[in-house]
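Along the sequence shown, residues carry numbers from 1. Owing to the predicted nature of the structure, the values given are computational and were not obtained by experimental measurement. First listed ligand is number 1; within each ligand, the first listed atom is number 1.
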Amino acid sequence: MLLGAPASGKGTQAARLADHFDLEHISTGAMLRQAVADGGELGSLVGQLLKDGQLVPDHLVVELVLDALEQSGHGFVVDGFPRTLRQAEGFDVMLAQRALALDAVILIEVAHSVLVSRSTGRRIDPDTGHVYHLQFAPPPAEIVPRLEQRDDDSEAVVVERLAIYQRQTAAVIDHYRERLVAIDGSGTPAQVFTQILDRLNRQ
Ligand code: AMP
């Protein structure tokens, strides 16, 4: 499980972990954005919440994760979930019912000011899904015109998302406090990944 504020690098590190350990990457944010893009019932329920940076109701997110777990034949890394204490409690029950163990809870820590600039500079290539940063991971010049910014990466929404993170997710961090592996997320993706692997190896 990867915990951390918006733009702390959860998605990037989860993808690396999934690749390295051959795990499924379960990202509730990506599943919700996909639901909005698909234009179905769930998408229309959650579209505005995503735009505003508000959390989606617990039961909808828990259901999504439950579906993903049912379909997952092997281990998984969960990114962006749980974000509230109720989701964490729901997840604990889900795992217990399936006799699944939570091997590691990783918290990626990054200073507030860095999170804001990481979010507002983030750009996504709609053709490949690759995530760039205008300053920290610059895209090749020829693809810049086609890059997109997430609706919720504008500065006003980012500040709101960070406030929500602080309010709601503190309880989740507290819930897993005893087994939390805290990682300094301020370095490059490769540096952060090396730290995560080191700490996992020492567990
Ligand atoms: P993320 O990609 O993890 O930053 O998530 C993007 C947005 O999806 C969040 O700002 C929320 O609106 C929604 N979201 C993602 N995961 C959750 C969750 N576990 N609980 C509630 N809302 C979520």
_Please work out, at 4.0 Å between heavy atoms, whether the side chain, the backbone, both, or neither of Gln48 comes within that distance of ligand 1._
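Neither; nothing of Gln48 gets under 4.0 Å from ligand 1.
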
Looking only at protein heavy atoms, what sits closest to atom 2 (O) of ligand 1 is Arg33 NH1, 2.9 Å

Notebook entry, point to check: If you measure from the Lys or Arg side-chain nitrogens to the Asp or Glu carboxylate oxygens, is any gap between Asp174 and Arg177 under 4.0 Å?
Noted result: yes

Consider only side-chain N and O atoms of Gln48 and Gln54, and report whether a donor and an acceptor are under 3.5 Å apart.
no

Option whose closest heavy atom lies nearest to atom 1 (P) of ligand 1, chosen from Arg83, Gln87, Gln168 |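 Going through Arg83, Gln87, Gln168 one by one, Arg83 has the nearest heavy atom to atom 1 (P) of ligand 1.
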
Problem set entry | Nearest neighbour of atom 14 (N) of ligand 1 from the list Thr28, Val56, Leu32, on a heavy-atom basis |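 The nearest heavy atom belongs to Leu32.
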
Discussion item. Can a donor-acceptor pair be found, under 3.5 Å and without considering hydrogens, that links the side chain of Gln13 to the backbone of Pro189?
Written reply: yes

Could you walk me through whether Arg161 and Asp153 satisfy the salt bridge (charged side-chain N to carboxylate O under 4.0 Å, His left out) test, starting with their C-alpha distance in whole Å, then the side-chain angles of each, then the deciding distance to 0.1 Å, before giving a yes or no?
CA-CA 9 Å; Arg161 286 166 63 207; Asp153 273 344; 3.1 Å; yes

Measure the spacing between CG of Leu134 and CD of Gln149 and express it to the nearest 0.5 Å.
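One finds 8.0 Å between CG of Leu134 and CD of Gln149.
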
For Leu50 and ligand 1, does the shortest N/O to N/O distance drop below 3.5 Å?
->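 Between Leu50 and ligand 1, no N or O pair is found under 3.5 Å apart.
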
- Aromatic rings Phe136 and His133: how do their planes relate, parallel, tilted or perpendicular, breaks at 30° and 60°?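 It falls in the parallel class, under 30°.
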
Ligand-residue contact atoms, ligand 1 with [X], heavy atoms, under 4.0 Å:
X: Gln54; result: 11 (C), 12 (O)
X: Arg150; result: 1 (P), 2 (O), 4 (O), 6 (C)
X: Arg161; result: 4 (O), 10 (O)

